[in-house]
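Structure, as structure tokens:
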Number of protein chains: 2
Amino acid sequence: MGAVYRIILADDHQILRAGLKDLIEKDKAFKVVGQAKDGDELLSLMGSVKCDLVIMDLSMPNRDGMQAIQDVRVKFPKVKILVLTMQKDQEHFKHAMAHGASGYVLKEDAYDQLLMAVKMILRGKRFVSPTISKLLTDYYVRSLDEAESSSLDILTKREQQILQFIGNGMANKNIASRLKLSVRTVETHRANLGRKLGIKNTAGLVKYAVTKGLS
Amino acid sequence: MGAVYRIILADDHQILRAGLKDLIEKDKAFKVVGQAKDGDELLSLMGSVKCDLVIMDLSMPNRDGMQAIQDVRVKFPKVKILVLTMQKDQEHFKHAMAHGASGYVLKEDAYDQLLMAVKMILRGKRFVSPTISKLLTDYYVRSLDEAESSSLDILTKREQQILQFIGNGMANKNIASRLKLSVRTVETHRANLGRKLGIKNTAGLVKYAVTKGLS
DNA sequence: TTATACCTGCGTAATTCTACCTAGCCTTCT
DNA sequence: AGAAGGCTAGGTAGAATTACGCAGGTATAA
């Protein structure tokens with residue numbers, strides 16, 4: 001049945017908050033029970049007003065959004081967080097989500113995206129703006145470009161295979177028995193890998209393998 | 001001006017090829033100059049018929065799609081590859097793109113997605129189906145969940161710091177000198193890391209650090 | 001038919017890591 | 001004040017990796 005969900009808005013632009021409140025409350029299932037113009041205000045407001053969801057910007061004075069997310073998560077673990085921001089880059093997104101946000105929507109997105117995000121989050125799901133989703137994929141594909149152009153192709157098949165096992169955290173001995181080779185052979189391959197890639201230690205090779213997606 | 005782009009289709013379903021040819025050639029800018037029912041046929045066909053783009057499935061008999069991509073890339077580096085498949089998972093996508101595909105579209109996608117992919121690829125861009133894009137983001141967000149819930153928080157600050165250096169491919173000696181600690185101290189921390197995380201070897205720790213984003 | 005590159009493997013010595021343990025010093029919480 | 005956890009560092013022993021070189025067999029290309 002129709003419980004009314006209580007929402008708090010946090011953004012340093014009063015106009016945006018006002019407009020947003022108006023839009024959101026067109027759906028009778030939602031009620032904006034408070035507004036804050038910065039992180040400090042948000043935290044103190046939440047001390048006195050209960051809510052189910054916070055919709056917040058990342059760029060705010062006095063305790064910026066990223067910090068606010070962490071603080072809210074610690075002090076009010078049950079309250080969901082939806083980030084609504086103009087920050088359209090991987091870093092902000094990753095940090096926000098890693099710090100505990102449940103959703104990430106851009107101010108340039110259509111309003112129905114925000115509405116969908118709110119509904120999904122209140123149902124316990126996460127929501128990521130398709131714009132951001134596409135952005136992440138672009139980053140990923142670009143990283144593949146770099147990976148391809150750089151150096152994987154100077155490795156022989158055997159070397160790539162060995163590298164893959166290294167990347168999976170296997171010791172030379174294990175690799176040798178898996179491939180039915182002498183440990184010495186594996187060592188030779190590993191040495192060649194190190195020489196070709198200019199990496200001396202195991203750790204570097206593993207990192208290389210993992211970042212190249214060989215794992 | 002309007003050069004006609006030459007396209008070859010590779011898929012083991014004849015019906016699909018026929019329908020696809022029909023759809024594609026509705027745009028007079030494209031001409032399907034050949035069809036193959038498997039990887040071998042594709043490669044031999046390309047030896048005699050020039051083309052700008054190959055649209056291919058991944059699951060084909062006689063030299064599967066993944067292998068075919070690599071072979072095409074080696075023997076005909078100028079020909080672009082668009083994967084059209086029902087494989088809707090991260091692994092197939094990653095491998096296909098890593099092996100040199102320029103685009104990835106699902107058979108369940110709307111046709112205009114395929115058309116857009118073809119056009120973008122022929123303009124030198126890459127194209128990834130939004131469905132896949134969303135899938136990748138979901139994987140990413142889920143991995144954040146695991147990272148958060150699992151174990152990073154049972155590590156002390158110093159341990160996280162050490163883990164980060166390990167993840168960056170540094171040997172104990174280097175970490176020690178960087179942090180102005182004894183090698184033995186670093187070893188102790190590393191041992192504790194291994195114990196807490198249940199990971200025995202360096203490689204595993206590096207992999208852990210990298211996948212947790214500590215690098 | 002030479003080259004060339006690749007895969008395989010060994011020798012030796014030095015370096016590094018692992019696996020146990022102990023232990024002093026510090027801060028924080030009770 | 002006492003307990004607990006964290007940071008530092010050492011001892012000892014053994015396991016593993018690294019560095020350097022060497023070399024035979026095979027496949028592929030010039």
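Each chain gets a letter, A, B and so on, in the order the sequences are listed, and its residues count up from 1. Values reported hereafter were calculated over all heavy atoms of this structure, with side chains retained and with hydrogens, waters and symmetry mates removed. Note that the structure is predicted; figures quoted are calculated from it, not measured.
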Presence of B/Thr156 side-chain N/O under 4.0 Å of D/dC7 phosphate oxygens OP1/OP2 = yes

State, with a plain yes or no, whether a side-chain heavy atom of B/Val79 is found less than 4.5 Å away from one of B/Ile8.
-> no

So do B/Tyr104 and B/Arg126 actually touch side chain to side chain, heavy atoms under 4.5 Å?
-> no

Pair B/Asp138 + B/Lys134: basic N to acidic O under 4.0 Å = yes

Would you mind reading off the distance between A/His189 atom NE2 and D/dA19 atom C1', rounded to a whole angstrom?
-> 17 Å

At under 4.0 Å between heavy atoms, what does B/Glu159 touch on the DNA or RNA strands: base, sugar-phosphate, or nothing?
-> nothing

Considering just the side-chain nitrogens and oxygens of B/Ser182, establish if one lies under 4.0 Å of OP1 or OP2 belonging to D/dG10.
-> yes

With the side chain counted from C-beta on, respond yes when A/Val141 and B/Val128 share a heavy-atom pair under 4.5 Å apart, and no when they do not.
-> yes

Any B/Asn172 side-chain N or O less than 4.0 Å from OP1/OP2 of C/dT16 | no

Atom CZ of B/Arg195 and atom P of D/dG5: how far apart are they, to the nearest Å?
-> 12 Å

Verify the contact: side-chain N or O of B/Lys173 to OP1 or OP2 of C/dT15, cut-off strictly under 4.0 Å; return yes or no.
-> no

Spacing of B/Asn192 atom CG relative to C/dA19 atom P, expressed in whole Å | 12 Å

To the nearest angstrom, the CD1-P distance between A/Ile175 and D/dT18 comes to 10 Å

Between CG of B/Leu205 and C1' of C/dC17 the distance, given in whole Å, is 12 Å

How many Å lie between CG on A/Leu155 and P on C/dC7, as a whole number?
-> 10 Å

Test log, rule side-chain hydrogen bond (donor to acceptor under 3.5 Å, both in side chains), inputs B/Arg158 and B/Gln161 | CA-CA 5 Å; B/Arg158 204 49 154 176; B/Gln161 198 177 10; 2.7 Å; yes

Report which part of the nucleic acid A/Ala191 touches: base, sugar-phosphate, or nothing (heavy-atom distance under 4.0 Å, all strands).
-> nothing

Have a look at B/Arg184 and say if it touches a base, only the backbone sugar-phosphate, or nothing, with a 4.0 Å heavy-atom cut-off.
-> base

Starting from the 5' end of DNA chain D, give me the residue, B/Lys157 or B/Val183, whose nearest nucleotide shows up first.
-> B/Lys157

Looking for any heavy atom pair under 4.0 Å, which part of the strands does B/Thr185 touch: base, sugar-phosphate only, or nothing?
-> base

Separation of atom CD1 in A/Ile199 from atom P in D/dT18, rounded to whole Å = 12 Å

How many Å lie between CE on A/Met170 and C1' on D/dT17, as a whole number?
-> 16 Å

Could you please name the option among D/dT8, C/dT8, C/dC17 that lies closest to any side-chain atom of A/Thr188?
-> C/dT8

